[in-house]
Amino acid sequence: MLAEGLHFVGHAQLRGACSIAGTVEGNLSQAPGAQVSVVVTATGRVQGDITAQKISVMGHTDGILDSGQGEVSLHDTASVRGLVRYGRIQVNGADLNATLERVSAPSRAL
């Protein structure tokens, strides 16, 4: 967890759930083989890319949100800029100025 008032500059590789209430300048990505969730709280700001199985935004992001075939939730207090890649998405009144790109599941051979 990055608490409100804290400022982190750099890149982090995540192995577990992450909650951002402060400011991040850099990328947050899940470690190879891990499936993590990232929550950007109402006071949280991320300037950089977030790669995680589940991404929930209530604060501000500027960059790529990439859940692959996972889930992205953008809440009414969210301000999102950049690119959003998702398998499933939920948008609840967010301030959204982004390109949306749906990632479909790989087709299965019969």
Side-chain angles (χ1 to χ4, degrees):
M1 176 176 181
L2 183 69
E4 187 174 353
L6 290 178
H7 189 112
F8 174 81
V9 178
H11 305 294
Q13 194 171 65
L14 309 172
R15 298 189 189 287
C18 181
S19 178
I20 306 297
T23 301
V24 172
E25 290 183 48
N27 300 333
L28 304 172
S29 59
Q30 62 189 12
Q35 290 191 348
V36 302
S37 65
V38 174
V39 175
V40 180
T41 70
T43 60
R45 292 185 162 279
V46 176
Q47 185 171 355
D49 303 340
I50 301 173
T51 304
Q53 183 68 26
K54 185 173 182 180
I55 302 169
S56 182
V57 180
M58 292 162 256
H60 300 273
T61 64
D62 189 351
I64 298 171
L65 302 181
D66 188 353
S67 72
Q69 295 175 10
E71 180 180 326
V72 175
S73 298
L74 307 175
H75 300 271
D76 60 348
T77 56
S79 176
V80 176
R81 305 281 178 267
L83 171 68
V84 180
R85 296 185 74 237
Y86 63 91
R88 291 180 34 202
I89 191 167
Q90 179 178 1
V91 180
N92 296 324
D95 174 17
L96 182 61
N97 185 7
T99 300
L100 301 178
E101 182 181 312
R102 184 167 188 257
V103 177
S104 55
S107 59
R108 297 184 216 179
L110 297 177

Chemist: Among all residues two or more places apart in sequence or in another chain, which pass the side-chain hydrogen bond (donor to acceptor under 3.5 Å, both in side chains) test with His60?
Modeler: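 For His60 there are no side-chain hydrogen bond (donor to acceptor under 3.5 Å, both in side chains) partners, ignoring immediate neighbours.
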Chemist: Hey, could you give me each pair passing salt bridge (charged side-chain N to carboxylate O under 4.0 Å, His left out) that has a residue in residues 17-32? Not counting sequence neighbours.
Modeler: none
Chemist: Do any N or O atoms from the side chain of Thr77 and from the backbone of Met58 form a donor-acceptor pair under 3.5 angstrom?
Modeler: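 Yes; judged by distance alone, with no hydrogens or angles, the pair exists.
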Chemist: Would you please name every residue forming a side-chain contact (heavy atoms from CB on, under 4.5 Å) with Asp95, sequence neighbours left out?
Modeler: Ser79, Arg81
Chemist: Following the transitive rule for hydrophobic clusters with a side-chain heavy-atom cut-off under 4.5 Å over Ile, Leu, Val, Met, Phe, Trp and Tyr, establish whether Val80 and Val103 coincide in one cluster.
Modeler: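 No, it is not one cluster - the side chains of Val80 and Val103 are not joined through contacts under 4.5 Å.
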Chemist: Looking at residues at least two apart in the chain, or sitting in another chain, which of them share a side-chain hydrogen bond (donor to acceptor under 3.5 Å, both in side chains) with Ser56?
Modeler: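 His75.
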Chemist: Please tabulate, for side-chain N and O atoms in residues 36-44, each donor-acceptor pair with protein atoms closer than 3.5 Å (sequence neighbours left out).
Modeler:
residue, atom, partner, partner atom, Å
Thr41, OG1, Ile20, O, 3.1
Thr41, OG1, Thr43, OG1, 3.3
Thr43, OG1, Ala21, O, 2.8

Chemist: Please enumerate all residues that pass side-chain contact (heavy atoms from CB on, under 4.5 Å) together with Ile89, with sequence neighbours excluded.
Modeler: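 Val72, Leu74, Val84, Tyr86, Val91, Leu100.
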Chemist: Report yes or no: do Met1 and Leu28 belong to one cluster of Ile/Leu/Val/Met/Phe/Trp/Tyr joined by side chain heavy-atom distances under 4.5 Å?
Modeler: no
Chemist: Test: salt bridge (charged side-chain N to carboxylate O under 4.0 Å, His left out). Region: residues 62-74. Which pairs qualify, not counting sequence neighbours?
Modeler: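 Sorted result for residues 62-74: Asp66-Arg85, Glu71-Arg88.
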Chemist: Residues two or more places apart in sequence or in another chain: which of them pass side-chain hydrogen bond (donor to acceptor under 3.5 Å, both in side chains) with Gln47?
Modeler: none
Chemist: Considering only Ile, Leu, Val, Met, Phe, Trp and Tyr, and joining two whenever side-chain heavy atoms are under 4.5 Å apart, list the other residues clustered with Ile64.
Modeler: Leu83
Chemist: According to side-chain contact (heavy atoms from CB on, under 4.5 Å), who are the partners of Gln35, at least two apart in sequence or on a separate chain?
Modeler: Gln53
Chemist: May I have all residue pairs that pass salt bridge (charged side-chain N to carboxylate O under 4.0 Å, His left out) and include part of residues 36-59, sequence neighbours excluded?
Modeler: none
Chemist: Excluding sequence neighbours, so at least two apart, what forms salt bridge (charged side-chain N to carboxylate O under 4.0 Å, His left out) with Arg15?
Modeler: none
Chemist: Would you give the length of the straight line joining atom CG of Leu14 to atom OG of Ser29, rounded to the nearest 0.5 angstrom?
Modeler: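 It comes to 6.5 Å.
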Chemist: Enter the distance from Gln13:CD to Thr51:OG1 here, rounded to the nearest 0.5 Å.
Modeler: 10.5 Å
